[in-house]
Protein chains: 2
Amino acid sequence: MTNVVLDGTDRKIVAVLAREGRISNLELADRIGLSPTPCSRRVKRLEEEGVIMGYGARINPAAMGQSISVMVQVRLSQQAPADIDAFMSAVQRLPQITECLLVTGDLDYVLKVQTRDVEALRDFVLKELKAIPSVAETSTMLILDVAKSTV
Amino acid sequence: MTNVVLDGTDRKIVAVLAREGRISNLELADRIGLSPTPCSRRVKRLEEEGVIMGYGARINPAAMGQSISVMVQVRLSQQAPADIDAFMSAVQRLPQITECLLVTGDLDYVLKVQTRDVEALRDFVLKELKAIPSVAETSTMLILDVAKSTV
DNA sequence: GTTGAAACTTATTAAAC
DNA sequence: GTTTAATAAGTTTCAAC
């Protein structure tokens with residue numbers, strides 16, 4: 001990753017766009033105290049430099065009938081490249097998995113999973129996750145509340 | 001949460017906007033196979049119904065000099081409302097904490113934390129997190145890779 | 001649901017300072 | 001960096017089908 005020099009104005013832009021990704025350039029410029037022209041240039045530069053990787057809508061899973069959110073910690077029994085590949089392809093394939101992090105510590109992967117209800121979660125864990133040969137151990141924590149989120 | 005009925009077209013719209021939040025209505029309509037007018041109406045309806053909660057830019061923390069990402073599991077010693085309030089206000093105050101989830105299981109909260117380097121992480125854990133009186137126990141996992149992300 | 005057109009708002013670029 | 005101006009593009013609303 002090429003390191004990028006960001007001044008205070010750039011950081012203001014990033015902070016605003018992180019929360020309001022669809023704000024118009026005119027309002028963004030007004031918000032950060034800059035005129036539209038250099039504001040637009042800075043945004044384009046931040047996009048080209050990879051500081052801003054893209055934009056996305058924040059979707060409410062509950063409103064879409066996905067009311068169960070869980071964190072699943074997964075330990076793989078085998079760590080050979082073929083085992084990791086098999087696990088990774090399953091992770092990419094399963095739409096219930098919205099996030100997958102490789103972590104240090106006691107467990108190897110942390111997944112964020114969303115399902116319609118507890119039955120769908122049970123089916124997911126038993127029939128999908130534990131069906132992956134390299135998965136040795138899973139531990140599920142139900143997410144009761146999102147207390148802070150920058151997304 | 002009021003449950004919303006979404007048809008296949010709505011789900012297509014959500015799927016596209018989740019990935020490309022700044023797509024124009026004309027291109028979105030073309031992408032999902034609908035004309036611009038009803039497409040725009042559907043998007044507005046999805047926003048009003050709370051399915052789409054907002055839009056945001058995807059920021060690359062590494063490009064901003066925040067190269068360390070960790071998951072921190074936190075157990076509170078005291079669960080009285082005052083203790084939870086103290087912890088929550090610290091969570092909101094500390095910019096390193098980008099996500100905070102209340103979970104069931106062994107530990108009470110899971111945090112996603114970003115810092116500039118390991119020294120900043122050490123200072124954060126020792127001087128900020130452990131300084132909160134209600135925090136009894138923390139466990140930190142370094143995030144080595146993001147293998148999947150819907151954001 | 002579709003198309004088409006008009007009115008309005010932005011974005012983008014260039015030129016000046 | 002700023003402002004102004006002009007062109008291009010997108011959004012919104014309306015009518016008619």
- Shortest non-hydrogen pair, A:Arg19 vs A:Ser149, comes out as NH2-O, 3.0 Å
- Task: Give a yes/no answer on whether the side chain of A:Ser40 brings an N or O atom under 4.0 Å of OP1 or OP2 in C:dA11.
- Result: no
- Query: Of the nucleotides C:dT12, D:dT13, D:dT3, which has the atom closest to the B:Lys44 side chain?
  - Reply: D:dT13
- Please state how far atom CZ in B:Arg41 lies from atom P in D:dC14, giving the value in whole angstrom units. 12 Å
- Task: Measure from the side-chain heavy atoms of B:Ser35 and tell me the nearest of C:dA11, C:dT2, C:dG1.
- Result: C:dT2
- Between CD1 of A:Ile23 and C1' of D:dG10 the distance, given in whole Å, is 17 Å
- Message: Side chains of B:Ser69 and B:Lys112 only: does a donor on one sit below 3.5 Å from an acceptor on the other?
- Response: no
- Going by atom types only, do A:Gln79 and A:Asp108 share a side-chain donor-acceptor pair under 3.5 Å? yes
- Query: Of the nucleotides C:dT3, D:dT11, D:dT2, which one has an atom closest to the side chain of B:Leu26?
  - Reply: D:dT11
- Query: Given that A:Arg22 and A:Leu34 both sit by DNA chain D, which one's nearest nucleotide is further toward the 5' end?
  - Reply: A:Leu34
- A:Asp30 CG - D:dT3 C1' separation (whole Å): 15 Å
- Taken to the nearest whole Å, CG/A:Asn25 to P/C:dT10 is 11 Å
- Nearest of C:dA11, D:dC14, D:dT11 to any side-chain atom of B:Ser24? D:dT11
- Query: Which nucleotide, C:dT2, D:dT11, C:dA14, lies nearest any side-chain atom of A:Thr37?
  - Reply: C:dA14
- Over 12 foreign heavy atoms within 6.0 Å of CZ, A:Arg116: no
